[in-house]
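Following: one structure in structure tokens, then a few remarks.
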Amino acid sequence: MIPPIFERLESEVRGYCRSFPTTFTHASGATLRDDRGREYVDFFAGAGALSYGHDAPYLREALIAYLQSGGIVHSLDLHTAAKARFLETLEEVVLKPRGLDMKVMFPGPTGTNAVEAALKLARKVTGRTNVVSFTNGFHGMTLGALAVTGNAGKRAGAGVPLAHGRALPFDGYLGEGVDTLDFFEHLLRDSSSGLDKPAAVILETVQAEGGVNVASVEWLRRLRRITEEHGVLLVVDDIQVGCGRTGPFFSFERTGDVRTGAITPDIITLSKSLSGYGMPFAVTMFRPELDVWSPGEHNGTFRGFNLAMVTATAALDAHWRDDTLTRETARKAELVRARLAKIAAAMGGRVVDQRGLGLIQGLECRPAKLASMVSKAAFERGLVIETAGANDEVVKVLPPLVIDDADLARGLDVLEASFAVAARRLRDDDDDTPALTSDYEPVIHAGASHDEEVRR
Ligand SMILES: *Cc1c(COP(=O)(O)O)cnc(C)c1O
């Protein structure tokens, strides 16, 4: 049931609830439950904010223990014991083992706060205004972050001109065989190119909202060389694909060992799964030489949300003192990859690309609307899964990293069945679409059956 209060009082701006029209009441691990007791496997994971699942017991216990001890909750940017423990743990568990020498800034609780701080700092350090971003990039909804975000619909919401950003083609944007960085390098070298020398380049190494586009290791290394050569700062926005989403803690670690060959960004943003428990929390980290802020130059009331620091510390303790999570993510990624390959093969020309890394993977559909039809069919059968890409053409698999094999298999079974159902509906809508490969009819193994029509 959906209480009428939402329609009556909540703004039309609400979005995800339209794709998943029910009222959720409980969640645990990789499953959600609604007010009718129906269970859903969660392949959306709070858009990547719930990599350790919903309500992980060890995080909840840390939180409750802290609250019961009378621990301080709100502290602006005062020194607190909880913040000291978080910083010590981040240093010991994440930064030191990777040889990363970084200062840590608390920019405010959301991802877009971290991006704004990164952009401000890059401009202050270099004295330049222009920032290069990439096609299909997504960096948040505030004006600075929107100016380096690709999506036209989101940009239009700004209501003012979005200035001082310049979008260049991401890896693969111009098709195979074109190294899009040739263009960037030409622009930088040509004094008549019309490109104002940028303060920074900002990118996601795997574009998440933009359609699960994976930049190659060679491309990333070359981008680092080019930015270094031209004195342009490199900002890696690891808000969605950091904290282990692609396997290692940082998404750029696949370019090599940070100590020997990996690209090292000048500025890194983290948020989403950083608190581990789904609580708002973000950091902007940068090389110590870049720390030119004067006290209070950037501030914000909710930079000291100690509850998020407590759970973030507990999450780092639980998952990042060894490589178990990274290895498990790689193992599960193979299960997902194999199943998506099977679906793609069965779909014939309806799936035109399979891509992804770690536990962010996607299938690009043609026509684009097939992806939303798959998401709808999946929801009816007990799976929450979202779409991504410029035209929502990609079905995006984004489960909690800690999902157990049974839930993963259950979700993939529903996904496979949902592709078959959506393709059939598509064919019923439109006789011109190509036939499915053979008589594709997967069996639904999902424990929860949600076949009844879901009412809004
Ligand atoms: C979600 C996201 C943001 C914005 O984070 P919010 O908390 O929604 O402001 C920025 N960058 C990337 C890559 C994201 O995925």
Side-chain angles (χ1 to χ4, degrees), residues 13-16 44-51 105-120 122 131-151 153-155 157-158 162 165 167 170-171 200-215 220 234-246 249-252 265 267-285 298 300 302-303 305 308 312 356-362 386-390 392 394 396-398 400-401:
V13 78
R14 62 198 193 278
Y16 293 125
F44 184 36
L50 295 163
S51 286
M105 166 181 184
F106 299 92
T110 71
T112 202
N113 293 140
V115 170
E116 293 292 341
L119 298 174
K120 264 194 200 179
V131 172
V132 162
S133 58
F134 291 99
T135 49
N136 289 302
F138 178 86
H139 300 288
M141 288 293 107
T142 48
L143 289 182
L146 258 188
V148 290
T149 288
N151 186 284
K154 298 281 191 283
R155 291 176 67 89
L162 293 170
F170 192 67
D171 191 17
V201 169
I202 185 166
L203 83 159
E204 304 156 87
T205 73
V206 179
Q207 295 184 324
E209 300 302 310
V212 193
N213 308 311
V214 183
L220 290 168
L234 183 66
V235 184
V236 169
D237 180 350
D238 241 2
I239 286 172
Q240 188 160 158
V241 296
C243 299
R245 178 52 57 185
T246 68
F249 187 84
F250 293 110
S251 71
F252 54 85
I267 305 179
I268 304 168
T269 56
L270 287 176
S271 182
K272 291 211 163 88
S273 278
L274 183 60
S275 83
Y277 199 66
M279 288 200 283
F281 193 43
V283 295
T284 305
M285 303 194 286
H298 182 94
F302 289 110
R303 286 169 303 145
F305 184 37
L357 193 66
L359 282 175
I360 175 164
Q361 296 192 34
E386 252 295 347
T387 59
D392 295 325
V394 178
K396 180 181 168 196
V397 178
L398 196 79
L401 303 180

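Numbering of ligands and ligand atoms starts at 1, following listing order. This one's a predicted model, so the numbers in the text were calculated from it and none came from an experiment.
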Before signing off on this row, confirm whether [X] and ligand 1 have an N or O atom pair separated by under 3.5 Å.
X: Gly111; result: yes
X: Glu204; result: no
X: Lys272; result: yes
X: Ser271; result: no

Calculate, to the nearest 0.5 Å, the distance between atoms [atom1] and [atom2] belonging to [X] and [Y] respectively.
X: Phe134; Y: Asp237; atom1: CZ; atom2: CG; answer: 13.0 Å
X: Lys272; Y: Gln240; atom1: NZ; atom2: CD; answer: 4.5 Å
X: Arg155; Y: Leu143; atom1: CZ; atom2: CG; answer: 11.0 Å
X: Leu220; Y: Leu203; atom1: CG; atom2: CG; answer: 6.5 Å
X: Thr135; Y: Asp171; atom1: OG1; atom2: CG; answer: 9.5 Å
X: Asp238; Y: Ile267; atom1: CG; atom2: CD1; answer: 13.5 Å

With heavy-atom distances below 4.0 Å as the criterion, list the atoms of ligand 1 near [X].
X: Gln240; result: 15 (O)
X: His139; result: 10 (C), 11 (N)
X: Thr112; result: 4 (C), 5 (O), 6 (P), 9 (O)
X: Asp237; result: 10 (C), 11 (N), 12 (C), 13 (C)
X: Thr110; result: 7 (O), 9 (O)

Mark whether atom 15 (O) of ligand 1 lies under 4.0 angstrom from at least one protein heavy atom.
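Yes, because at least one protein heavy atom sits under 4.0 Å from atom 15 (O) of ligand 1.
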
Part of Ile239 within contact of ligand 1 (heavy atoms, under 4.0 Å):
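Side chain only.
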
Which of these passes side chain to side chain donor-acceptor pair (under 3.5 Å) with His298: Lys120, Glu116, Arg303?
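Among Lys120, Glu116, Arg303, the one meeting side chain to side chain donor-acceptor pair (under 3.5 Å) with His298 is Lys120.
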
Any donor and acceptor pair, going by atom type alone, linking the side chain of Arg245 with main-chain N or O of Ser251 inside 3.5 Å?
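No, because the side chain of Arg245 does not come within donor-acceptor range (under 3.5 Å) of the backbone of Ser251.
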
